[in-house]
2 protein chains.
Amino acid sequence: MMVLSYDTAIMKTNTTLDALTSFYKLLANESRLSILLALRDGEDNVAGICGRTALSQTLVSHQLAVLHRSDVVRSRKDGRRTFYALADKHIDIIVGFALDHLAEKELHHE
Amino acid sequence: MMVLSYDTAIMKTNTTLDALTSFYKLLANESRLSILLALRDGEDNVAGICGRTALSQTLVSHQLAVLHRSDVVRSRKDGRRTFYALADKHIDIIVGFALDHLAEKELHHE
DNA sequence: GTATCATATGATAATACCATCATGTGTCAA
DNA sequence: TTGACACATGATGGTATTATCATATGATAC
């Protein structure tokens, strides 16, 4: 006799929902977004990112760690520096699309 | 003598950054995302959304209010019911794109 | 080695956010 | 006009997130 049954479709949906939520949470922070926007212009090291975002070194390192753990950025060591870049083109596109969306909303005074 | 000067470019950037952060914050919640995913299938009223998301009426109403205030969804009254729908096609596309991104990541075991 | 540079990391206090409860408002049916 | 239905809203306690401080690690220059 079966007591519990798992609907694969729902399971997948819930897993996806979870992943989607986590993904958006990564983007839902001003410091992290600022860093990501800076990285849209290309790879940079921590000090460089600090300069371009006007954020403290500790904060930038912290948030880069968060972004790195979730594979949103990739890192490369060079001597005592660490260079970071967007992990893939998707991130760039996703952020770009949202920016376009907001710009369009702005135009229509919505 | 000028004490403060405002760089228009930076101002715009900060405003945009702010708007972008707010936008992603709207999406960075499991209940709200669940509702938005349900609405991708088309307009529905509160009770319908509750059924499809398995969320309480209060929670759904609460989050719909949040989404409505930010123009992510639009509403239409019909008798004692209120029907909600995605405000525009962009939201649909943006969520769809993120879903694709996650699916692709999944495929590559990243 | 020692100092310094570049970055990373643990702890913490303040704040923001969330889901729930209790209740309010408006609509329709009888 | 009373009751039930559909939804909205204010208050609240619990939890999560955030930025910062202090400090640690690891690489290079001297």
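Just so we're on the same page: letters track the sequence lines, and every chain starts at 1. Note: hydrogens, waters and symmetry copies are ignored here, and every other heavy atom, side chains too, is used.
To the nearest angstrom, P of D/dA19 lies 6 Å from CD of A/Gln63. C/dG24 atom C1' lies 13 Å from atom NE2 of B/His62, rounded to whole Å. Taking atom OH of residue A/Tyr24 and atom P of nucleotide D/dA16, one finds them 23 Å apart after rounding to whole Å. With rounding to whole Å, A/Leu64 atom CG is found 13 Å from C/dA6 atom C1'. Per the geometry, CZ belonging to B/Arg81 stands 18 Å off C1' belonging to C/dT25, to the nearest Å. Distance B/Leu55 CG to C/dC18 C1': 12 Å, rounded to the nearest Å. With rounding to whole Å, B/Glu30 atom CD is found 12 Å from C/dC18 atom P. Per the geometry, CZ belonging to A/Arg69 stands 11 Å off C1' belonging to C/dA8, to the nearest Å.
Taking every side-chain heavy atom of B/Ser61 into account, D/dA8 is the closest of D/dA8, D/dT17, D/dA29. Taking every side-chain heavy atom of B/Thr58 into account, D/dG10 is the closest of D/dG10, D/dT20, C/dA6.
If you find the closest nucleotide of DNA chain D to A/Leu59 and to A/Lys77, the one lying nearer the 5' end belongs to A/Leu59.
For C/dA29, the OP1/OP2 oxygens have no side-chain nitrogen or oxygen of B/Arg80 closer than 4.0 Å. Contact between the side-chain N/O atoms of B/Tyr84 and the OP1/OP2 oxygens of D/dA6 is not found at any separation under 4.0 Å. Taking only side-chain nitrogens and oxygens, A/Asn29 never comes nearer than 4.0 Å to OP1 or OP2 of C/dA16.
Side chain B/Gln57 to base D/dA6: no donor-acceptor pair is found below 3.5 Å.
Salt bridge status for A/Arg81 with A/Asp78: absent, with no side-chain N to carboxylate O gap under 4.0 Å. Between A/Lys105 and B/Asp88, none of the side-chain N atoms (NZ, or NE/NH1/NH2) sits under 4.0 Å from a carboxylate O, so this pair counts as no salt bridge.
B/Ser61 and B/Gln57 form a side-chain donor-acceptor contact under 3.5 Å, judged by distance and modelled atom types alone.
A/Phe97 and B/Phe97 have parallel rings, their planes meeting at less than 30° on a 0 to 90° scale where 60° marks the start of perpendicular. Below 30°, between 30° and 60°, or above 60°: for A/Tyr84 and A/His68 the angle between ring planes is above 60°, a perpendicular geometry.
Residue contacts shown for B/Thr82 are limited to sugar-phosphate atoms, with no base heavy atom under 4.0 Å away.
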